[in-house]
Undergrad: 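Let me begin by handing over the structure; questions about it come next.
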Amino acid sequence: MLTRQVESSVENFISRLKRRQVVGSYEVAKETAVILRQVVSTSRWRDVDTLLETITDVGSRMAAAQPKELAVGNIVRRVLKVIREVARGELETDVLDDSGNNFSDNSDDAGDDDEFDSDDGVFHVEGATPSSTGSPLRTPIHARPTLLSSNASSNMGSVSGNDLNALATQSTMFHLLADAHKLKDSPTEYNVYNLKPLIIQEINEEIIAELESVYKGIADQASDYIHANEVIMTIGKSRTVEDFLIRAAKTRKFQVIVAETSPTYQGHEMAANLSAAGIETIVMVDSAIFAAMPRVNKVVLGAHAVLANGGLVAVTGSHLIAAAAKHHSTPVLVCTALYKLSPLFAYDVDTFNITVAPNSIMDFQDGAIIDKVTLCNPYYDYVTPELVSLFVHNLGSAPPTYVYRLINDNYDPEDTTL
Amino acid sequence: MDPSNKATPLTIPGAKGIAGSSGMGQPMSSSYENQWMLGDDKKHERRKSSTVDSNKENKDASSQPNASVQPPARKSQKSMTKAERRALQEQQKLEKERRVAAGLPKNAKKAAELLAKTGGGSSVKSGSPLSVAGTPDNTTASVGKSVTSPDPAAAAKKAAKKSAGATSTAKSQKNQVPWLLHLDASKRPDTMGFKDLHPAVKTLALYFSEYKIVGSNARCVAMLQTFSKVIEEHKPPADATFSRHIQKHLDPHIAYLLATRPMSLSMRECIRWLKKEMADIVEEDPPLSDEDARHRLMNRIEHFIRERITMADQLIVQNGLQKINDGEVILTFGKSSVVESLLLATKKKGINFKVIVVDSRPLFEGKHLLRRLAAAGIDCSYHLLSSVYVALSSVTKVIMGAHALLNNGAVYSRTGTSMVAMAASDKQIPVMICCETYKFVNRTQVDSFVMNEIGNPDDLVNTKPMFNSIHQNHPNPTGSALENWREQPNLRILNLMYDVTPSKFITLVVTEVGLIPCTSAPVIWREYNEEFGKRG
């Protein structure tokens, strides 16, 4: 069902994933989103179901190419959710359409989609909502927020009547979906024409644009978590954490201890960047983490992925830092973007771990013993949720126990297994 | 520091001549000379981060490769004639000036340490080979030869920079971690003051500073044997008896060793014991003859080594053997001589077990252990410390060595021991420490900072470039991201050598007197010291 061009770019991506030529959550997520957008725009589909199937198919192929790169699956699930919501929004306006105010309603609903999707962390957003509508919605109910927003205010009268009805019908999503299927027949073609640009617009705004703004969203909260004259410890090189700390340094004066993260020595680059930005940095061997921990006020980590139970897949050594912090009752903050959130569970500590070539821990110069010993060079580490105090993400923050709610907001349960 | 500086050698004829003529006895003043003579404009070339920290000047150290090899070639001072000795001293003074001008530390050992350590790392930059020269006489000539691009201005600038930095120890602490200022990263021993050091002690200090002899037991044994030799060859001056003079004679040697590398806690205990022995000899009534005193001291030292180190190790192995059973997976960290003996003995006994060796930067001591174990046919695997949790999934026991056992039962050992112990105890895996009783010290520390040793920070800078996959972006092959860390005013590198493992993580300590809980350490210490009291 995919056009040849899109198919070839999918194949290209898959082979690069397999060979680990594209690595890192951000890169992977971006490419996945772009490819899926292409799929939506170029493939032929007459109804939403077909589109969902196509996306699921492509997505599962890509996710299977590199199962440990959870970002692929996350973006696919996001797109699926977006599609479903746009479709639901569409269909429900058709359902409620009395006065032919389709266009305004559509734009309304599209706007609502925006508001709704970006208000995931509506509990915790202190101030910064990257939502384009900027409506201050603080309803604790997880139902679709009220449509009495500034958008809706322009269309008075009949629309408000529609809104209330809409609210009532939307409160039971699954019923809506079930009903919507039956109603699909007549306005099918009409929907497709409308849905496609909407979906593409959603993907652009929601997912791709969010990927860009992730760093800013997290860094904006930086001064909320760091006080003056603190000593912060971190490990590995994470652009998120770097931006976080550099932003905090603009208003606070603190020191950073960076563990050098053998065998990749990412910590060295991190330290170089941080000190170039004017932060007092100390580079230290990983083995001194416990020794230095009494001196540390907070630990800030980056993540490769966040699992559904609140556990963390991060660079090797993170578990050591988190455990040492726990022993010293030091809080552990994890800076992660929401696209790293995955609905999968780790049934074993090594489920999402990969091992890379061992020559960085013992190279061929030590040749005599290479045949006789087993070398293990895992790249990631699994950190249990009990060791994490707080996840700082681009829409706010969440304790590990809240992660499952974030997952519900961002993904549909039926997509968990692609 | 720009590359040109690194390649430039230390031909600063003006400085050398001036320095040579002025008061040679005080090294400090000669560097002042450099500072003054070369003018003020050179002074504020001096970067903020230029420090006296001995390890900074590795870049130009490699351009003077030959200063390091001087000590082994030195003849024993006793066998030289007076004129020869004088010539040697002059030579040493000249070299010292040269080193100071280049910014190397005044001590030849430290210079050697720099060169040895950083010759590999910065060899790409410096380009001058770490050649081996024979006698001190060649030194001057080969320094001249190794001049690749003589740049007097840059060299002078550098000299002013470095020597100005060399004057005040306060500057040495600029690049040091602020809360560790109380620890001496590098002292500047005055070799001129140690005129009559026994060459064996100098050799030993060289070995220590280059990390050729590492490990608590090895250092202690080496030190005691060296002192034994010193005692053997010592001839007291005519007006003093051997027994009274030997202590005074040994003191500068001890101070010299301290200056090159801070003493391990166990070494301090040994020295304390040795001083007690010497004091006991003095109090002997009727007073011993010189020969008798000498022999007695040497015998005592030998006895100590044999009884409290060698045999203690064997007893520990015996005691520890009962704790390792078939099918066990043992995890060990770093390289401890006792643990190595234990594991080899276990293999010899025919027990079927596996070993996981966990290693850490920058010394990578575990690799040596791994080699020995693999050679003995033990099934081993190797991990880095950061992946210890992955390793621990199959481990049944953790056995580690210790550097010292503190009074509160905490273990003072190589950095990283505490992390392994913490991880193991979190997983309910028993942690055994193998430790001889001479390592029990009568002091306590509650954190790892109050007393520790700071290693060479530049050891951390040199990382091997790795090419295997995108996952591991290697830094550019010529250097690591932290190459110019000293120029970054905000950047410091910390190379902590030891840490303190709290007693709650430790299940058991295996000593030659049996298997004890770690909190019984002070009891054992008192037993041994009372015994000494009785014996003395």
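Letters A, B, ... mirror the listed sequences (proteins, then strands); counts begin at 1. The model shown is predicted, which means the values in this text are computed figures rather than measured ones.
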Undergrad: Considering all heavy atoms of both residues, which atom of A:Pro378 and which atom of B:Ser387 are nearest to each other, and what is their separation?
TA: CG-CB, 3.3 Å

Undergrad: A:Asp286 versus chain B, heavy atoms under 4.5 Å apart: side chain, backbone, both or neither?
TA: both

Undergrad: Which answer fits A:Ile235, side chain, backbone, both or neither, if we ask what part of it has an atom under 4.5 Å from a heavy atom of chain B?
TA: neither

Undergrad: Grab the two heavy atoms, one from A:Phe290 and one from B:Pro502, that are nearest each other, plus how far apart they are.
TA: CE2-CD, 3.7 Å

Undergrad: Could you go through the side-chain contact (heavy atoms from CB on, under 4.5 Å) check for A:His327 and B:Lys504 one step at a time?
TA: CA-CA 11 Å; A:His327 273 280; B:Lys504 62 181 175 187; 4.3 Å; yes

Undergrad: Does any heavy atom of chain B fall under 4.5 Å from the side chain of A:Ala292, the backbone, both, or neither of them?
TA: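 Contact with chain B is through both the backbone and side chain of A:Ala292.
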
Undergrad: Is it the backbone or the side chain of A:Ala276 that comes under 4.5 Å from a heavy atom of chain B, or both, or neither?
TA: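 For A:Ala276, heavy atoms of backbone and side chain both lie under 4.5 Å from chain B.
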
Undergrad: Highest number of heavy-atom pairs under 4.5 Å with chain A: which of B:Leu373, B:Asp499, B:Leu384, B:Thr501?
TA: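 Of B:Leu373, B:Asp499, B:Leu384, B:Thr501, B:Leu384 has the most heavy-atom pairs under 4.5 Å with chain A.
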
Undergrad: By a 4.5 Å heavy-atom criterion (distance strictly below it), what part of B:Val388 contacts chain A: side chain, backbone, both, or neither?
TA: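 Looking at B:Val388, just its side chain touches chain A.
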
Undergrad: Nearest 0.5 angstrom please: B:Leu385 CG to A:Thr316 OG1, how far?
TA: 9.0 Å

Undergrad: Is chain B contacted by the side chain of A:Asn273, its backbone, both, or neither, given a heavy-atom distance below 4.5 Å?
TA: neither

Undergrad: Do you know which of B:Pro362, B:Cys380, B:Ser386 has the most heavy-atom pairs under 4.5 Å to chain A?
TA: B:Ser386

Undergrad: Are more than 12 heavy atoms, taken from residues, nucleotides or ligands other than B:Lys427, located less than 6.0 Å from that residue's NZ atom?
TA: yes

Undergrad: Tell me which of these, A:Ala259, A:Ala324, A:Cys376, A:Ala323, has more heavy-atom pairs under 4.5 Å with chain B than the rest.
TA: A:Cys376

Undergrad: Counting only heavy atoms not in B:Lys347, do more than 12 sit closer than 6.0 Å to its NZ atom?
TA: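 Buried by this count: over 12 neighbours within 6.0 Å.
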
Undergrad: By the definition side-chain contact (heavy atoms from CB on, under 4.5 Å), identify the one residue from A:Thr281, A:Val258, A:Ile282 that meets it with B:Leu491.
TA: A:Thr281

Undergrad: Only pairs of heavy atoms separated by less than 4.5 Å count here; which of A:Val285, A:Val373, A:Leu375, A:Leu320 has the most with chain B?
TA: A:Leu320

Undergrad: Kindly assign one of parallel, tilted or perpendicular to the pair B:Tyr389 and A:His319, based on the angle between their ring planes and the thresholds 30° and 60°.
TA: parallel

Undergrad: Who among A:Glu280, A:Met284, A:Arg295, A:Met293 has the most heavy-atom pairs with chain B under 4.5 Å?
TA: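 Top count of heavy-atom pairs under 4.5 Å with chain B: A:Arg295.
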
Undergrad: Top residue by heavy-atom pair count (under 4.5 Å) with chain A, among B:Asn495, B:Val390, B:Leu496?
TA: B:Val390

Undergrad: With respect to chain B, which residue among A:Gly317, A:Pro294, A:Ser318 yields the maximal number of heavy-atom pairs within a distance under 4.5 Å?
TA: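 Heavy-atom pair counts peak at A:Gly317.
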
Undergrad: Which of the residues A:Ile279, A:Leu274, A:Asn353 is involved in the greatest number of heavy-atom pairs with chain B at under 4.5 angstrom?
TA: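 Of A:Ile279, A:Leu274, A:Asn353, A:Ile279 has the most heavy-atom pairs under 4.5 Å with chain B.
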
Undergrad: To the nearest 0.5 angstrom, please state how far the CD atom of A:Gln255 sits from the CG atom of B:Asn490.
TA: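 Answer for the CD-CG pair, A:Gln255 versus B:Asn490, is 10.0 Å.
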
Undergrad: Looking at CD1 of A:Ile289 and CE of B:Met422, how far apart are the two atoms once the value is rounded to the nearest 0.5 Å?
TA: 8.5 Å

Undergrad: Mind checking the CZ-OG1 spacing from B:Arg361 to A:Thr261? Nearest 0.5 Å is all I need.
TA: 10.5 Å

